[in-house]
Trainee: 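Next up is a structure, given as structure tokens.
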Number of protein chains: 2
Amino acid sequence: MVVVPAKMGHLNKRSLLARLQRLGLASRADLAKSLGMSQPTAGKIADELLQLGVLEEVEIGRVERAAPAANRVPRLGRPGRMLRLDRTRPRFLGMQLGVSLTTLAPLPVGAESNDRWTVKFATAVTADKWVGDLQKAAAELTVQDLWGVLVSVPGIVDEPSGRVLFSPNLHWTENMDLPGLIRRVWNAPVMLVQEERALALGHRYANPEEDDFLLVDFGDGVGGAVILGGALSANPLPISGELGHTPVLGNERPCGCGAVGCLETLISTRGLLQSFATAHPRANPAWATLVRFIHERGAEPWLLAALDATAAIIAGSLNVLGLRRAIVTGSLAELPPAVFRHLADAVIRGSLWGRFGQVECAIAPRRRTAGLVAVAIDRLVVPMTEVNGHAAKPRVSMAGHFERPSPFAGHSSP
Amino acid sequence: MVVVPAKMGHLNKRSLLARLQRLGLASRADLAKSLGMSQPTAGKIADELLQLGVLEEVEIGRVERAAPAANRVPRLGRPGRMLRLDRTRPRFLGMQLGVSLTTLAPLPVGAESNDRWTVKFATAVTADKWVGDLQKAAAELTVQDLWGVLVSVPGIVDEPSGRVLFSPNLHWTENMDLPGLIRRVWNAPVMLVQEERALALGHRYANPEEDDFLLVDFGDGVGGAVILGGALSANPLPISGELGHTPVLGNERPCGCGAVGCLETLISTRGLLQSFATAHPRANPAWATLVRFIHERGAEPWLLAALDATAAIIAGSLNVLGLRRAIVTGSLAELPPAVFRHLADAVIRGSLWGRFGQVECAIAPRRRTAGLVAVAIDRLVVPMTEVNGHAAKPRVSMAGHFERPSPFAGHSSP
DNA sequence: CCATAATACTTAGGAAAACTTACGAAAGAA
DNA sequence: TTCTTTCGTAAGTTTTCCTAAGTATTATGG
């Protein structure tokens, strides 16, 4: 099974777009040089993407004003007309379908790296109620001519079919036609993205020099995603980077997945609260209390044990994946820095390459919207196709057919 | 960083070669249909590869004789001229640099899947002695016009530079210029291949339908390699699929890597022998004794414990990698089938997807030579280049420059 | 045995992508 | 102003791969 561009030239289009994402601001000549392609080719592709509204041209004046004068090196010759991903026109509706909170934000192609949600509401416990809330939220948003709705979803998600296969903390989404529900509210293509995958791409968007890492997110559960060579690693199963459901020796807690002893039962917010409540029966078993408690008294043995178990599994994952960098996001950032430090040290000690001083473990903010847009660009703007026999069909089924022609119609494969 | 074919058309050449490897025997038309390319294109590439001596044409008569007549469906129309990887002319010298044994075999491009070494000798403990033995062995082999020497090496190997970074069981190879030593004996390009990577590709060669799996090899150590989408997964570190040096809770044995408690100290042949000797102080602590003992009395607790620890780590690896298939090779095959069965059941129970009946764990023979040739085809025959800036330079440094022009000179990038 | 159908392979011609070369445009430097 | 340098685009060429058409080789059915 070979993956080839849907149309000759799409491969170059992809790489130009990726390079522009990394450079932020670049002229056609910069892109050509940086990609090793000829100026005319780079220029043609840039023009095409400008035409589509994916890129925008920035006048020199605005660049001058934006960048400090000292920062700018005066170059000889005719100055280039600078390009960047379009930041002005909202093209996508980004959505986080969280266990407790649903959030929405209109997103341009050149999204900013920090999440900024414009509408938030508590996630309902039934599909119908949730769609109703979505309808109300839609009234507060003025988005039109959407290229797509991008949804970050927890659990095990089969992205091509738009189905949630398994979601222990949000059971009603399982085998539900979420794209169909959402298309009742916005008549646009809907794309589901497994949440840790979105977070990993978001981190990559904000740190384009980091080509390979394992992202681990802590929250209602524990999830991971793997970035290899700047892209999500492609796996046969609908989820990878899964480390929440690896058993921890000596742990007897039952997990939502049906097994006993999963890491998730120790280090998820719920798991931590359970340990906290056991250690301090009289304290209020709420997350805020736990956080304040640890800030005041430091990490206690039950927390350190959970961190050690987590670190062992992360270290083993780095070994197997052949990676030297782990990025941690989520609830751990709300605890004192020493807590993360303990985890990071244990990860470095436990991993083979850490013994050679080659492993990093860093904490980072969640960048969900940037990740969603990265997925959208990857799949919508420059689709690829899969050739396994005679027929080449689109690799990404957009979870129901398009009601309206894609803005890229005519540029994708027949 | 983008990887592109060194020359337009190499991508197609690669995929045609891969397809022919999978089909075994195919006509130009079969290849064209199977790859979705036009007949003229497939024909041109096939002719080119025939010219280079990579493929051979097989007369119908010989095919008829080889395949049982009943098996062959008489087809209408002109029969195709069947092609396959050249099996007649030895092009490579395959070598296994083992901890205790060094073995050699001349290999054609279309190697058979079972290993068949023609020369074997005990691996010396110094480089000079080893090269001397190699000289003697060379006298027994009549190979000429070699395209390359392919060496399977244990430990942590930086394949591009041809250096062994770390080899706890074969210390003298560390930071030694092995390619240089070997080129004293055979004046040909030398390519080092980390041994589990070779084994994984060899398994893939014999089972072309298995596109994604984790191979775990048991022997003097424990190593793994990951096949994703039919190819070795590309990682930033010189090794991946590493699971021998993941710590096992409660294990206090010191490991050659400097750490304590690595899985390898439990399940490597040496580790098993140590456990065996502890359980049966009076028995002869040799591998053959251990094997006979277990065949007679079945698996004892010390073995079951080591298997359980191994299974947990394999299961965790499958989760993280998003894989559903584990292939086991090596010393475990010499023990009774029940031993492997115990391991396989534990792997399936422990992995997330195993709970959905999606995980397989199978035992297989080592196919080292086939794997070596697969690497050679991938790197030598149709090299790719890496474009990170302006210059595109060969991705694979052949560990010292070519003394003689490659047979593919004129077909690779400038 | 010969015509016909089916399949394999080759040749010829053309379309698409991307390259090289060439040239006008826009800035700083002399 | 004029020269130099760099940017962007236009024109022509090369490469690659496709479609169409022609030739070769087999089985089948009279």
Side-chain angles (χ1 to χ4, degrees), chain A residues 2 4-16 25-51 55 57-61 63-64 69 72-83 382 387 390 392 410-411 413-414, chain B residues 2 4-16 25-51 55 57-61 63-64 69 72-83 382 387 390 392 410-411 413-414:
Chain A
V2 189
V4 297
K7 192 181 160 183
M8 262 299 201
H10 270 192
L11 205 58
N12 270 340
K13 209 189 280 185
R14 288 180 82 88
S15 52
L16 186 136
L25 198 67
S27 71
R28 290 161 174 79
D30 292 337
L31 290 166
K33 247 186 296 185
S34 160
L35 291 165
M37 60 176 70
S38 70
Q39 281 197 351
T41 305
K44 285 239 177 68
I45 296 171
D47 288 344
E48 211 174 319
L49 291 171
L50 272 167
Q51 188 68 34
L55 306 187
E57 211 160 81
V58 190
E59 304 99 81
I60 301 289
V63 178
E64 291 282 7
R72 189 174 171 276
V73 184
R75 278 192 300 179
L76 222 57
R78 170 179 170 179
R81 285 148 60 197
M82 303 310 266
L83 304 169
V382 274
V387 180
H390 312 201
H411 293 273
S413 69
Chain B
V2 189
V4 297
K7 192 182 163 182
M8 262 298 201
H10 270 192
L11 207 57
N12 270 340
K13 208 189 280 185
R14 287 181 82 88
S15 52
L16 185 135
L25 198 66
S27 71
R28 290 162 176 77
D30 291 338
L31 289 166
K33 247 186 295 183
S34 159
L35 290 166
M37 60 176 72
S38 71
Q39 280 198 349
T41 305
K44 283 245 177 65
I45 296 170
D47 288 344
E48 210 175 320
L49 291 172
L50 272 168
Q51 187 68 33
L55 307 187
E57 212 161 82
V58 189
E59 305 100 79
I60 301 289
V63 179
E64 292 282 8
R72 189 175 172 275
V73 184
R75 279 192 301 178
L76 219 58
R78 169 180 170 179
R81 285 147 60 197
M82 304 309 265
L83 303 169
V382 274
V387 180
H390 314 200
H411 295 271
S413 68

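Proteins get letters first, then strands, A, B, ... in listed order; numbering begins at 1 in each.
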Trainee: What's the CG-P distance between B:Asp47 and C:dT11, to the nearest Å?
Mentor: 9 Å
Trainee: Which residue pairs pass the salt bridge (Lys or Arg N to Asp or Glu O under 4.0 Å) test when at least one of the two sits in residues 38-47 of chain A, sequence neighbours left out?
Mentor: A:Arg28-A:Asp47
Trainee: B:Thr41 side chain N/O closer than 4.0 Å to the phosphate oxygens (OP1, OP2) of D:dC17?
Mentor: no
Trainee: Specify the separation, in whole Å, of atom CD of A:Glu48 and atom C1' of D:dT9.
Mentor: 16 Å
Trainee: For a quick test of reading the model, state the closest non-hydrogen atom pair linking A:Ser27 to A:Gly80 and the distance between them.
Mentor: CB-CA, 3.9 Å
Trainee: Would you kindly give the CD-to-P distance between A:Glu57 and C:dA26, to the nearest whole Å?
Mentor: 13 Å
Trainee: Please identify each residue that fulfils salt bridge (charged side-chain N to carboxylate O under 4.0 Å, His left out) with A:Asp30, with sequence neighbours left out.
Mentor: A:Arg75
Trainee: For B:Met37 and C:dA8, what is the distance between atoms CE and C1' respectively, to the nearest whole Å?
Mentor: 17 Å
Trainee: A:Lys44 NZ to C:dA16 C1': how many Å, rounded?
Mentor: 11 Å
Trainee: Between OG1 of A:Thr41 and NZ of A:Lys13, what distance do you get to the nearest 0.5 Å?
Mentor: 13.5 Å
Trainee: How many Å lie between CE on B:Met82 and P on D:dT26, as a whole number?
Mentor: 14 Å
Trainee: Write down the protein N/O and nucleotide N/O pairs, taken from nucleotides 5-7 of chain D, whose separation is under 3.5 Å; answer none if there are no such pairs.
Mentor:
| residue | atom | partner | partner atom | Å |
| --- | --- | --- | --- | --- |
| D:dT6 | O2 | A:Arg78 | N | 3.2 |
| D:dC7 | O4' | A:Arg78 | O | 3.3 |
| D:dC7 | O2 | A:Arg78 | NH1 | 2.7 |

Trainee: Mind checking the CD1-CG spacing from A:Ile45 to A:Leu35? Nearest 0.5 Å is all I need.
Mentor: 8.0 Å
Trainee: Grab the CG-P distance between B:Leu50 and C:dC9 for me, whole Å please.
Mentor: 11 Å
Trainee: Return the CG to CG distance between B:Leu83 and B:Leu49, rounded to the nearest 0.5 Å.
Mentor: 9.5 Å
Trainee: Within less than 4.0 Å of OP1 or OP2 of D:dC17, is there a side-chain N or O belonging to B:Asn12?
Mentor: yes
